[in-house]
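First comes the structure, then the notes that go with it.
Start at 1 and go down the list; that is how both ligands and their atoms are numbered.
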Amino acid sequence: FEREFADYHGSPHALAVTNGTHALEVALEVLGVGPGTEVIVPAFTFISSSLAAQRLGAVAVPVDVDLDTYCVDPAAVEAAITPRTKVIMPVHMAGQFADMDALDKLAADAGVALLQDAAHAHGAQWRGRRAGALGSVAAFSFQNGRLMTAGEGGAVVFPDEELRERAFLVHSCGRPRTDREYLHSTTGSNYRMSEFTAAVLRAQLTRLDEQIALREQRWPLLSSLLAEIPGVVPQATDPRTDRNPHYMAMF
Ligand SMILES: Cc1ncc(COP(=O)(O)O)c(C=O)c1O
C-alpha cells in the first residue's frame, strides 16, 4: 500500500500510520518540532493541525485564511514567521490547495519546512502535480468520511528517504526495520497501520480516480445551485488547483 500510495501522489516514499493526527505528529517530529519551536497553522482547520504541534511541546500559531478559498493566507503566514518558526502547515481545505507557490517561496526564504495537511486532498493536483510531488512532506487521513477510507488510518509522504527512515523509527517504537534483537535506537511510539487496514485501502485507491471524476463533473452544477441561495457563497477554486477531489461542499 505504501508503494502504491506514494506512486499515486508522485512521491518517492510513504509511511502508513494509524490516523491523520498521528501522521501530522510523526511528520512534525522528524521535521524538528519540539519545545521552544513554533508551527504556523491556519486558524480555520480541524483541531488536529494545531494539536499535533502542541503534543510535541511546540506552540501552534494560528493565522488567518483567505476568504475565498478558506486556505491559509500567505501574507498572514509571512507576518507570523519568527526565529522560532520550524514548520509552516498549510491545510488543503476540502480538496482546494493552499497557495503552494507563495508558501514554497516563503518557506525557502525563511529556511523552514512546509508540512502539507492533505487530510482532504487525496488525488488533488496543484498545477498538474499531486501533494507528494511538490517537494515537501504531506500528511493524509483515511478516517471514516475521507475521500478514501478504512474507518481509521493515515499516511505521510516524504520527498527524501532519510526523513522517511527517521519517521519509520518514530512510528515503530524506535526499532530499526531490520532489528531482530530488540535494539531500539530512538524513542518513539506505536503508530503502525495494520495489514488489514492497508488491504482495504489498496482497494479504495483503485476507485479514487473514478470517484473524483464524478465529483468534478457534478461540482459546477452543485456550486451554481448553492450560489442561488441568498447568503450562501460556495468555496472558490483557485484555478491552479487543476484537479479538486471535492472532499466537501463548503460554503
Ligand atoms: C484537516 C484535517 N487534518 C487532520 C485531521 C485528522 O485526521 P484523523 O481523524 O485521521 O486523525 C482531520 C480530521 O478531521 C482534518 O480534517
Notebook entry, point to check: Judging by distance only, is a nitrogen or oxygen of Phe142 under 3.5 angstrom from one on ligand 1?
Noted result: no
Notebook entry, point to check: Quick one: does Thr45 get an N or O within less than 3.5 Å of an N or O on ligand 1?
Noted result: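 Thr45 vs ligand 1: no N/O contact under 3.5 Å.
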Margin query: Any donor-acceptor pair under 3.5 Å linking the side-chain atoms of Thr82 with those of Glu38?
Written below: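 The answer is yes; a qualifying pair exists.
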Notebook entry, point to check: For residues Asp117 and Ser49, is any side-chain donor paired with an opposing acceptor at under 3.5 Å?
Noted result: yes
Check: Cluster partners of Val17, using ILVMFWY side-chain heavy atoms under 4.5 angstrom, listed by chain and number?
Finding: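 Direct or chained contacts put Val17 with Leu15, Leu24, Val26, Leu28, Val30, Leu31, Val33, Val39, Val41, Leu56, Val87, Met89, Leu115, Val137, Val156, Phe158, Leu163, Phe168, Val170, Tyr191.
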Which protein non-hydrogen atom lies closest to [atom], naming both residue and atom, and how far is it?
| atom | result |
| --- | --- |
| atom 16 (O) of ligand 1 | His120 NE2, 2.8 Å |
| atom 11 (O) of ligand 1 | Thr21 OG1, 2.5 Å |
| atom 5 (C) of ligand 1 | Phe46 CD2, 3.8 Å |
| atom 3 (N) of ligand 1 | Asp117 OD2, 2.7 Å |

Next item on the list: Could you walk me through whether Gln116 and Met100 pass side-chain contact (heavy atoms from CB on, under 4.5 Å), step by step?
Entry: CA-CA 9 Å; Gln116 306 170 62; Met100 290 303 288; 3.7 Å; yes
Margin query: Closer than 4.0 Å to some heavy atom of Ser141 - which atoms of ligand 1 meet that?
Written below: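 Taking each heavy atom of Ser141 in turn, ligand 1 has 7 (O), 8 (P), 10 (O) under 4.0 Å.
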Next item on the list: For Gln143, counting its heavy atoms only, list the atoms of ligand 1 lying under 4.0 Å from any of them.
Entry: 9 (O), 10 (O)
Does the pair [X]/[Y] count as a salt bridge with the N-to-O cut at 4.0 Å?
| X | Y | value |
| --- | --- | --- |
| Lys105 | Asp109 | yes |
| Arg202 | Glu2 | no |
| Arg127 | Asp242 | no |

Note to self: Heavy atom to atom 13 (C) of ligand 1, shortest distance: which of Glu152, Arg146, Glu25 holds it?
What the structure shows: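 Looking at heavy atoms only, the winner is Arg146.
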Next item on the list: Under 4.0 Å, heavy atoms only, figure out whether ligand 1 is touched by the backbone of Val91, its side chain, both or neither.
Entry: side chain
Next item on the list: Specify side chain, backbone, both or neither for Met93, according to which of its non-hydrogen atoms lie closer than 4.0 Å to ligand 1.
Entry: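 It is neither; nothing of Met93 touches ligand 1.
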Next item on the list: Quick one: list whatever passes ring pair (Phe, Tyr, Trp, His ring centres under 6.0 Å) with His120, sequence neighbours left out.
Entry: Tyr247
